[in-house]
2 protein chains.
Amino acid sequence: MKRSGAATAGSVRAKGSLDRATIVSTALLLLDEVGIDGLSTRRLAAELGIKSASLYWHFKDKNELLNEMSGAMFEECLPAPNVGGANFDWAEWLAEGARAIRRTALTRRDGAQVMARPRPRAPVGRAAFEENVKTVMRSGLADMEARLTMQTLRRYAIGAALQEQSNKGGSAAVGIVGTGEEGFEFGLQVFIDGLKARLAERAKVAKSIKKRAG
Amino acid sequence: MKRSGAATAGSVRAKGSLDRATIVSTALLLLDEVGIDGLSTRRLAAELGIKSASLYWHFKDKNELLNEMSGAMFEECLPAPNVGGANFDWAEWLAEGARAIRRTALTRRDGAQVMARPRPRAPVGRAAFEENVKTVMRSGLADMEARLTMQTLRRYAIGAALQEQSNKGGSAAVGIVGTGEEGFEFGLQVFIDGLKARLAERAKVAKSIKKRAG
DNA sequence: ACCTGAACACCGTTCAAGT
DNA sequence: ACCTGAACACCGTTCAAGT
């Protein structure tokens, strides 16, 4: 009658069955219910059928937990875009990646605020990330440009989701335009147009050099 | 010997001299000292030589105060870019605006987190904002495009500053590239290239129509 | 109109102690 | 190894009461 009091919401659990991953995913579930301001260590502990002090055995502090939540959300939207056959549309692939980030952020309550946090430098996602760099380079962009492109789109997607989500409660502030979808697409397309222009210009120069040399 | 105890840091103050504006600017000063997590209503009240309960006469709650801080920071960087003579470089003007937002955010501790908050729909900045839309339209962009352009750059600048500032403490996470300055400029230039490409394309189409009609 | 005293219902975090 | 009890030093917010 004592240890069975995990009753609030979490299921009864054996003693050693609580690892970081389940804590993180429970926290993400709880986030949707109570929002980021309601996500206290005490509330989360209750959800897990545990006392809040116990969380400090698994995590250094609340920040570490929140950062891990950010990492988990990014992993949710990284696997999606991948591969590409002979006629591979890198522009659409990039756009889809950016949309996935925004969508994931908007999907859960205060999600953008979580994703705006620093992620733990994952030894995991690292490999997938490097592969994505390679994929972007199929456009013709150099290694550094590919990385900068991904960084830019990440920042833009988070920035957009953050603003869309923060204005959810109140009436639209000064300078908010169009539906969320439309507004986001505009910036996305213009940026990708810029990449294409850059590549086209480069191709032109290369051709003119070749002609002169030949 | 009783009311003179405003001694901590704030200067002694007459009774009715405390308005929202001075509270906001004091809060911004304090933010630089203690960071956003250290910015409590009690600490701020002490800085003002007041009790924390008194803040609730001036502001509905802490959120309202933080949003006003966001508004104040945006006002800091709006006045900067303006005017433009005969050979007006709208691209450079836009870029400067985006840089100003990022710079302002990075200038003070946790500034990006503050600027990421919803701003109060200011009856003030509204006029300046509409004027800026007109300025952007000198590029040839339509009204809505001009607004979307500004919105995109705002989101990107905040997104970038947010990430740069959040990674300040720890070592670089996966996918952080270049110095802050360089990384930001890349996205900025590509986006502006995209706008130019769009305008050039439009001019070409217009010319071909004219030719056909003439 | 503007501010205080005092309280309410919470926080994050630490640490000895339990099993 | 994993968790609890109990405490510490805080929070944001409310509200009667003061001036």
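Across all strands shown, C:dG5 forms a Watson-Crick or G-U wobble pair with D:dC15, both key distances being under 3.5 Å.
Side chains of A:Asp19 and A:His58 form no contact here, defined as non-hydrogen atoms less than 4.5 Å apart.
Comparing C:dC2, D:dC3, D:dA6 by their nearest atom to the side chain of A:Leu18 picks out D:dC3. Checking C:dC2, D:dT4, C:dT4 against the side-chain heavy atoms of A:Lys51 singles out D:dT4 as nearest. Nearest nucleotide to the B:Ala53 side chain, out of D:dC15, D:dC3, D:dT13: D:dC15. Of the listed nucleotides (D:dG12, D:dC3, C:dG5), D:dG12 has the atom at the smallest distance from the side chain of B:Thr41.
Positionally, the nearest nucleotide of DNA chain C for B:Arg42 lies more toward the 5' end than for the other of A:Tyr56 and B:Arg42.
In plain terms, the two heavy atoms of B:Met69 and B:Ala27 that are nearest each other are SD-CB, 3.7 Å.
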### Query
Going through the checks in order, is the side-chain hydrogen bond (donor to acceptor under 3.5 Å, both in side chains) test met by B:Ser70 and B:Asn67?
CA-CA 5 Å; B:Ser70 172; B:Asn67 293 351; over 6 Å; no
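Using the six-membered ring where Trp is involved, A:Phe184 and A:Tyr156 have ring planes that are parallel, under 30° apart on the 30 and 60° scheme.
Within the structure, a side-chain polar atom (N or O) of B:Lys62 is placed less than 4.0 Å from OP1 or OP2 of D:dG12. Side-chain N/O atoms of B:Ser40 include one lying less than 4.0 angstrom from OP1 or OP2 on D:dC11. For the pair B:His58 and C:dA1, the criterion of a side-chain N or O lying under 4.0 Å from OP1 or OP2 is not met.
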